[in-house]
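Order of listing sets the numbers, starting from 1, for every ligand and every atom in it. When a residue number appears, it is its place in the shown sequence, counting from 1.
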Amino acid sequence: MSDAKTRYAEIHERSLRDPQGFWGEAAREIDWFEPAKKVFDPSMGIYGRWFAGGVVNTCFNAVDRHVKNGRANQPAIIYDSPLTDKITSLTYAELQREVEALGAVMQDLGVTKGDRVVIYMPMVPEAPIAMLACARIGAIHSVVFGGFASKELATRIDDAKPKLVFSASCGVEPGRIVQYKPLLDEAIRLASFKPDACIILQRPQHECDLTAGRDHDWASLRQKALDAGKRADCVPVLATDPLYILYTSGTTGVPKGVVRDNGGHMVALKWSMFNHYGVEPGEVWWSASDIGWVVGHSYIVYGPLFHGNTTILYEGKPIGTPDAGAFWRVISQHKVAALFTAPTAFRAIKKEDPDGALMKKYDLSCFRTLFLAGERADPPTVEWAQARLQRPVIDHWWQTETGWAIVGNPVGIGVLPVKPGSATVPMPGYQVDIVDEAAKPVPAGTTGSIVVKLPLPPSCLPTLWQQEDRCREAYFSEFPGYYKTSDAGYKDDDGYVFVMGRTDDIINVAGHRLSTGGMEEILASHPDVAECAVLGIKDDLKGEIPCGFLVLKSGAARGANEVESEVVGMVRDKIGPVAAFKRAVIVPRLPKTRSGKILRGTMKKIADGEPWTMPATIEDPKALDDISTALQVKTPEKA
Ligand code: COA
Ligand code: AMP
């Protein structure tokens, strides 16, 4: 065995044999007001709680302690926005001054420990400042991705019941300004719960009117707090108190509010920065995601700041801002040591610049490693990136629920050989098993459900926000003693894990997690639709895109084309542009089993152009021809 393999095996084995010792040591990297009474208390919560009784503050660990320890003048955040032609940076000392002032502004508005605050913002420095200011005063933030429409925001407002909302006048997307204020106003109108106040950042690209009595101008409040010398102190919270709620797609239109605690989150993320990502404090780190997703929470904001890195906040795209060399420009200009992004970004770059000609224009000598996650990293993309970059390209697999990698390749411990198509091996604390329907482990090479033996390691969800029963039911009941990931895959003889896809109706569109069930609820609400199904079908760029199949009511008032374009508009209005729902087709009937179950698997194979077999239980075989005809695809039926 190579050194890296031995070291990884020893560390992983120890983390499972002696979890308290392992994570207790990792916790020494964090500053605690009071250390935990127990590293792990199995009697608390659904499967136990990490760092029970510990008292901490997340913002102190992300900001203040670096100012105290010699990083005051090091850039903490570099904001690079090709969409607005702006590059600015904030040192750790400046970041501390901003979060102290904004924390004081929030306290003046009556926000205290345990209150929820929604953040609906574009990728500007004020967004992480708002997150950190919440953490500073013990408020629980809930960031909502800017590509979601009013109804999605309203659902989250009703669930989290925020006292305050942070938003902006607009976001900037290539070729268009996204006005946030009308979306926010409509969400507050739709929601039953009404926040007391909104703090709105006016951006020069589009200024909005403020609603009297509710809205406050961000810049004026900030300036007043600074002029008055107001500073919020770091409020001590329990390690087990929630730091944030992040909503993610469930199997219905109602999203799940994943809760992240303070203590375990810090310990796991701090551990991951060197051991998994191989970066040292002081280095420049870039996660090209959005703060609305878990990747943005963990690796644009918290992980790199806990570790004393400089983190890049990028408001742009991999292509078109201005070209497919955008990532190489950012890496060379800011001396980025490691980049984390979604495979879809690399598929986009590969399509525009297949030979990597633009890469050659930039000095990338600072750059060591590329990390990919958020969706399956297809081997051709991994191989393309590896060949062009001549550096390790590391796939890793995780979920909103875990907050950090379940399976990865521990670069700091020693890079293990990369097998394209595999996210490599379980990270410390995760015993990953592949099981059959009876929860029995299956042999190497056999596909099954991917589960994690309890207890889950630090940072993983302790519960869903005020929905403990839903949490038990969704994750901990089907496979007793395990956490159900809802992903399927297999392990090879070396213990490498291959994650192949979801076992539920979640689809992954350009690294964005979406519920087809949620889209079906919208389609079914159209007055002319009798029945519908939404499937994720293969897409060269985005991995998957949703496609709706509709059966019209007899005597439907509108024509087929009209209904198709109306439902596309409805999904964009209700979920948002991020759903990328652009295709709906009318079919005379949906293929079903004799017991009435829609044959989604077979429909997907036909849509993806893969060979398929006629299911023995099909009610009407002709219904499958209707699918091929509607999609204008002809795929072979296996003999
Ligand atoms: N606010 C408002 N609208 C947004 C938005 C935001 N923050 N983010 C995306 N959108 C819109 C886009 O403008 C687009 O709208 P359109 O249908 O009018 O064109 C739609 O949502 C879909 O966006 P996206 O999935 O980003 O597709 P795209 O075609 O704009 O770009 C890629 C394609 C591959 C370049 C892009 O998906 C990308 O960069 N992905 C990186 C991966 C990533 O960040 N993953 C997150 C998890 S790690
Ligand atoms: P999210 O919660 O938005 O991070 O999405 C999590 C889901 O994305 C997982 O359950 C997987 O289905 C998918 N996913 C994330 N990373 C990977 C990966 N490296 N390989 C395969 N699937 C992935």
- Task: May I ask you to identify the nearest protein heavy atom to atom 26 (O) of ligand 1, giving residue, atom name and distance to one decimal place in Å?
- Result: Lys317 NZ, 3.4 Å
- Note on the structure: Heavy-atom contacts under 4.0 Å to ligand 2, chain-then-number order, include exactly Val294, Gly374, Glu375, Arg376, Asp395, His396, Trp397, Trp398, Gln399, Thr400, Asp487, Val499, Arg502, Asn508, Arg513
- Query: Side-chain donor-acceptor pair under 3.5 Å between Tyr302 and Trp404, yes or no?
  - Reply: no
- For Pro318, is the nearest heavy atom under 4.0 Å from an atom of ligand 1? yes
- Message: For ligand 1 and Trp293, I'd like to know whether there is a polar contact (N/O to N/O, distance under 3.5 Å).
- Response: no
- Judging by distance only, is a nitrogen or oxygen of Ser289 under 3.5 angstrom from one on ligand 1? no
- Measure the distance from atom 14 (C) of ligand 1 to every protein heavy atom, then report the residue, atom name and distance (to 0.1 Å) of the closest one. Arg176 NH2, 4.0 Å
- Item | Min heavy-atom dist Phe340 to ligand 1 below 4.0 Å | no
- Message: Which option wins on minimum heavy-atom distance to atom 37 (O) of ligand 1: Gly296, Ala510, Ala342?
- Response: Ala510
- Query: Would you say Thr341 and ligand 1 have an N/O pair spaced under 3.5 Å apart?
  - Reply: no
- What do you reckon, does Arg347 put a non-hydrogen atom under 4.0 Å from ligand 1? no
- Looking at ligand 1, does Lys542 have a heavy atom less than 4.0 Å from it? yes
- Message: So, 4.0 Å and heavy atoms of Phe148: is ligand 1 close enough to count as a contact?
- Response: no
